[in-house]
Number of protein chains: 2
Amino acid sequence: MPNAKVLPLLESDAVVPCCPPLTERPMTAEEAESAARMFKALGDPVRLRLFSAVASHEGGEACVCDISDVGVSQPTVSHHLKKLKEAGLLTSERRGTWVYYRVEPSVLAAMGKLLAVPAAA
Amino acid sequence: MPNAKVLPLLESDAVVPCCPPLTERPMTAEEAESAARMFKALGDPVRLRLFSAVASHEGGEACVCDISDVGVSQPTVSHHLKKLKEAGLLTSERRGTWVYYRVEPSVLAAMGKLLAVPAAA
DNA sequence: CACCTGTATCGATAGACGTCAACATAGACA
DNA sequence: TGTCTATGTTGACGTCTATCGATACAGGTG
């Protein structure tokens, strides 16, 4: 049963239909505009640490209080989380006192596909 | 006796020893600094188009003259190509009149791994 | 109600970035 | 040599961005 196993997150059509792999054909201006937004969001060390902290946290979600120890002030943390949210990489939800952020797996997968390297050397 | 052909340390899974997948554990400040440089390089629409144009070009390399039609001036194209080079995403070589840029597949692969989504849902 | 804690927003500032015109450099060719 | 083309560099300018302190908002507790 070769096809009994479905790749969990990568096959979904829910994946943001951004663009074909970078190596497939030259991106159009619109595609580049859209994809660059996501790369840009991860192009800051603080945001990358925040995102990684959320992504690697148990259950793929984390309270701000769990991840805000990245060496910048609280307003700055909040600012970066907002940017990641605007880029579609994170979603947030308030539960009582705390706010929880979680990763958007489909977007992550879409970015991974963009960087896919063709099998042939 | 010298080897006729030595494979660079850049192939295989050894890739650039940047960082584990974003979802594996929180990145350290140093890892984030390094990885953010690469994402940042792709975080500009013009650079993304240039990179995609090179990556999708025949043989994985392209002359500047082949890809410089992205709607900005020639100095700006040169500036962005330099940035991509500094980020380790492209290499360049002059051959006669023209300068050819080619992608660094190992770096691309490393970025892809960074974004790898765990198989388990 | 008042108070405390966690998080977001505001306003200001310093520095980074994208862009261009002008100029410099490298190679081809006569 | 000189000139032409292709590409890189420089300097300047306007915009974006990361950061902070101060403040506002939300929800829990007493």
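Among all heavy-atom pairs drawn from R37(B) and A87(B), the shortest one is O-CB, 4.2 Å.
Between E93(A) atom CD and dA26(D) atom C1' there is a gap of 15 Å when expressed in whole angstrom units. Distance W98(B) CH2 to dG8(D) C1': 17 Å, rounded to the nearest Å. L42(B) places its CG atom 12 Å from the P atom of dG18(C), with the value rounded to the nearest Å. What separates CG of D69(A) from P of dG6(C) is a distance of 14 Å, to the nearest Å. Between the C1' atom of dT9(D) and the CD atom of E86(B) lies a distance of 12 Å, rounded to the nearest Å. dT19(C) atom C1' lies 15 Å from atom NZ of K82(B), rounded to whole Å. Going from atom CG of L50(B) over to atom C1' of dG18(C) covers 13 Å, rounded to whole Å. For E33(A) and dG18(C), the CD to C1' distance is 13 Å, given to the nearest whole Å.
For the pair L115(B) and L22(B), the minimum side-chain heavy-atom distance is below 4.5 Å. Residues W98(B) and V64(B) form no side-chain contact, since every pair of their non-hydrogen atoms from C-beta on lies 4.5 Å or further apart.
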When you compare the protein's N or O atoms with those of nucleotides 25-30 of chain C, which come within less than 3.5 Å of each other, and at what distance?
none

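Residues K85(B) and S92(B) have side chains that bring a donor and an acceptor to within less than 3.5 angstrom of each other.
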Practice task
Decide yes or no on side chain to side chain contact (heavy atoms under 4.5 Å, CB included) for R47(B) and K83(B), but give the supporting numbers first.
Solution key: CA-CA 8 Å; R47(B) 278 199 293 272; K83(B) 289 272 189 145; 3.9 Å; yes
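The existence of a salt bridge linking R95(A) and E61(A) is confirmed by a sub-4.0 Å separation between a basic side-chain nitrogen and an acidic carboxylate oxygen. Using a 4.0 Å cut-off between a side-chain N of Lys or Arg and a carboxylate O of Asp or Glu, E31(A) and R25(A) qualify as a salt bridge.
No continuous path of hydrophobic side-chain contacts links V107(B) to Y100(B) [ILVMFWY only; heavy atoms under 4.5 Å].
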Practice task
If a protein heavy atom is under 4.0 Å from the base, mark B; if only from the sugar-phosphate, S; if neither, -; do that for nucleotides 18-23 of chain D going 5' to 3'.
Solution key: SBBBB-
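Using a distance-only test at 3.5 Å, with no hydrogens or angles considered, no donor-acceptor pair links the side chain of S78(B) to the main chain of Q74(B).
For dA8(C), the OP1/OP2 oxygens have a side-chain nitrogen or oxygen of Y101(A) closer than 4.0 Å.
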